[in-house]
Amino acid sequence: MKKIKILFVCLGNICRSPAAQGVMQRLVEERGLAHRFEIDSAGTYSGHRGQLPDPRMRRHASRRSYNLTHRARPITSDDFEHFHIIVAMDESNRRNLKHMASTIEQESKIIMMGDYIVKLRAHYDYVPDPYYEGAEGFELALDLIEDACNNLLNEIINDKRYNK
Ligand code: 4NP
């Protein structure tokens with residue numbers, strides 16, 4: 001069975017997408033599926049290259065027992081070939097990714113994190129950027145990310161394309 005490769009993408013790759021990477025990594029480990037997945041994250045903006053996730057995100061995530069150790073990196077054209085699923089945190093990320101995709105097939109790999117939000121669906125169909133927010137912004141981002149990752153993983157597990 002081939003590995004399912006998922007790339008989470010936000011703007012800076014220091015708040016939302018490394019958190020989503022950490023949440024999804026723990027989910028696949030809890031379900032005994034880690035060997036079947038490759039999970040990574042990247043940003044559309046390169047200014048934070050090499051940095052650990054924002055200390056505020058690391059602090060809030062660690063309270064939920066996530067240890068975020070990813071080093072920020074900008075997305076590359078190779079990523080569009082390598083990964084099967086590219087998950088945008090918000091509409092701006094999606095637009096940037098769409099511009100970068102060089103084939104229809106690459107473009108078809110882009111999905112919206114917001115499509116997997118169920119619990120706070122009435123209020124959020126994307127993961128708001130917490131960078132300029134206070135503690136509530138980081139807690140909200142983590143709540144949305146945990147919900148969406150759980151639902152996304154369920155969909156992938158039930159998708160015949162990934163179970164060949
Ligand atoms: P992220 O948050 O896209 O969730 O990593 C941001 C991080 C940095 C900046 C904006 C958003 N920034 O403007 O530097």
Side-chain angles (χ1 to χ4, degrees), residues 5-29 37-102 106-107 109-153 155-156:
K5 300 173 187 168
I6 307 172
L7 183 69
F8 291 99
V9 178
C10 61
L11 176 62
N13 193 211
I14 53 168
C15 293
R16 294 165 291 173
S17 61
Q21 177 185 354
V23 168
M24 190 60 114
Q25 187 64 45
R26 192 167 90 192
L27 274 180
V28 299
E29 283 167 12
F37 285 85
E38 178 181 327
I39 299 160
D40 197 359
S41 66
T44 59
Y45 166 67
S46 63
H48 297 282
R49 187 197 298 264
Q51 294 178 9
L52 281 169
D54 185 287
R56 296 166 296 171
M57 182 52 96
R58 274 189 285 148
R59 193 164 58 244
H60 285 275
S62 78
R63 289 187 196 148
R64 303 184 189 207
S65 306
Y66 302 107
N67 181 24
L68 305 182
T69 58
H70 176 75
R71 292 281 174 174
R73 69 173 185 88
I75 187 166
T76 67
S77 53
D78 286 349
D79 289 324
F80 284 88
E81 282 301 310
H82 183 75
F83 289 92
H84 300 115
I85 303 169
I86 300 175
V87 192
M89 295 294 137
D90 64 26
E91 179 55 29
S92 166
N93 305 148
R94 191 193 67 83
R95 228 178 300 120
N96 290 331
L97 288 168
K98 196 174 167 202
H99 285 135
M100 286 189 72
S102 50
Q106 288 184 359
E107 196 180 316
K109 295 180 177 184
I110 305 166
I111 63 171
M112 291 296 289
M113 191 74 158
D115 288 346
Y116 297 89
I117 292 169
V118 172
K119 288 182 187 155
L120 293 171
R121 181 88 209 156
H123 304 284
Y124 297 99
D125 62 358
Y126 66 103
V127 182
D129 185 351
Y131 193 67
Y132 297 102
E133 305 294 331
E136 332 74 57
F138 286 86
E139 286 299 309
L140 172 65
L142 284 165
D143 287 344
L144 295 170
I145 287 167
E146 285 183 330
D147 183 30
C149 280
N150 193 45
N151 297 319
L152 173 58
L153 182 57
E155 181 172 292
I156 292 169

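Along the sequence shown, residues carry numbers from 1. Both counts, for ligands and for their atoms, begin at 1 and track the order of listing. It should be emphasised that the depicted structure is a prediction, and the values quoted were computed from it without experimental measurement.
Residue-ligand proximity, L11 to ligand 1, at heavy-atom distances under 4.0 Å covers atoms 3 (O), 10 (C), 11 (C). Residue I14 has at least one heavy-atom neighbour below 4.0 Å for each of these atoms of ligand 1: 5 (O), 7 (C), 8 (C). Those atoms of ligand 1 with a heavy atom of C15 less than 4.0 angstrom away are 1 (P), 2 (O), 4 (O), 5 (O).
A heavy-atom distance below 4.5 Å is not found between the side chains of H48 and N13. Y45 places none of its side-chain heavy atoms less than 4.5 Å from the side chain of N96. I117 places none of its side-chain heavy atoms less than 4.5 Å from the side chain of D125. With a 4.5 Å cut-off on side-chain heavy atoms, I75 and M100 count as touching.
Closest approach of Q51 to I14, counting heavy atoms only: OE1-CG2, 4.2 Å.
For atom 9 (C) of ligand 1, the candidate residues are F8, F138, Y131; the nearest heavy-atom contact is made by Y131.
In terms of polar-atom proximity, defined here as any N/O pair under 3.5 Å, P130 makes no such contact with ligand 1. Ligand 1 has no nitrogen or oxygen under 3.5 angstrom from a nitrogen or oxygen of S17.
When only non-hydrogen protein atoms are considered, atom 13 (O) of ligand 1 lies nearest to Y132 OH, 3.4 Å. For atom 1 (P) of ligand 1, the closest non-hydrogen atom of the protein is C10 SG, 3.5 Å. Regarding atom 11 (C) of ligand 1, its nearest protein heavy-atom neighbour is D129 OD2, 2.9 Å. Regarding atom 8 (C) of ligand 1, its nearest protein heavy-atom neighbour is H48 NE2, 3.4 Å.
There is a side-chain donor-acceptor pair under 3.5 Å between Q25 and E29.
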Could you give the side-chain donor-acceptor pairs of residues 128-150 under 3.5 Å, partners two or more places apart or in another chain?
residue	atom	partner	partner atom	Å
D129	OD1	Y131	N	2.9
E139	OE1	R64	NH2	2.6
E139	OE2	H60	ND1	2.7
D143	OD1	R64	NH1	2.9
D143	OD1	R64	NH2	2.8
E146	OE1	R64	NH1	2.9
E146	OE2	Y66	OH	2.7
D147	OD1	N151	ND2	3.0
D147	OD2	V118	N	2.7
D147	OD2	K119	N	2.7
N150	OD1	R31	NH2	2.7

Which atom pairs, donor and acceptor, lie under 3.5 Å between side-chain atoms of residues 77-93 and protein residues at least two apart or in another chain?
residue	atom	partner	partner atom	Å
D79	OD1	R73	NH2	3.0
D79	OD2	R73	NH1	2.8
D79	OD2	R73	NH2	3.4
D79	OD2	T76	N	2.8
D79	OD2	T76	OG1	3.3
E81	OE2	Q106	NE2	2.7
H82	NE2	E38	OE1	3.4
H82	NE2	E38	OE2	2.8
H84	ND1	K5	N	3.0
D90	OD1	S92	N	3.1
D90	OD1	N93	N	2.8
D90	OD1	N93	ND2	3.3
D90	OD2	R16	NH1	2.9
E91	OE1	R94	NE	3.1
E91	OE2	R94	NE	3.3
E91	OE2	R94	NH2	2.8
N93	OD1	M89	N	3.3
N93	OD1	D90	N	3.0

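With a heavy-atom cut-off of 4.0 Å, D54 does not touch ligand 1 at all. Contacts with ligand 1 closer than 4.0 Å are made by no heavy atom of M89, backbone or side chain.
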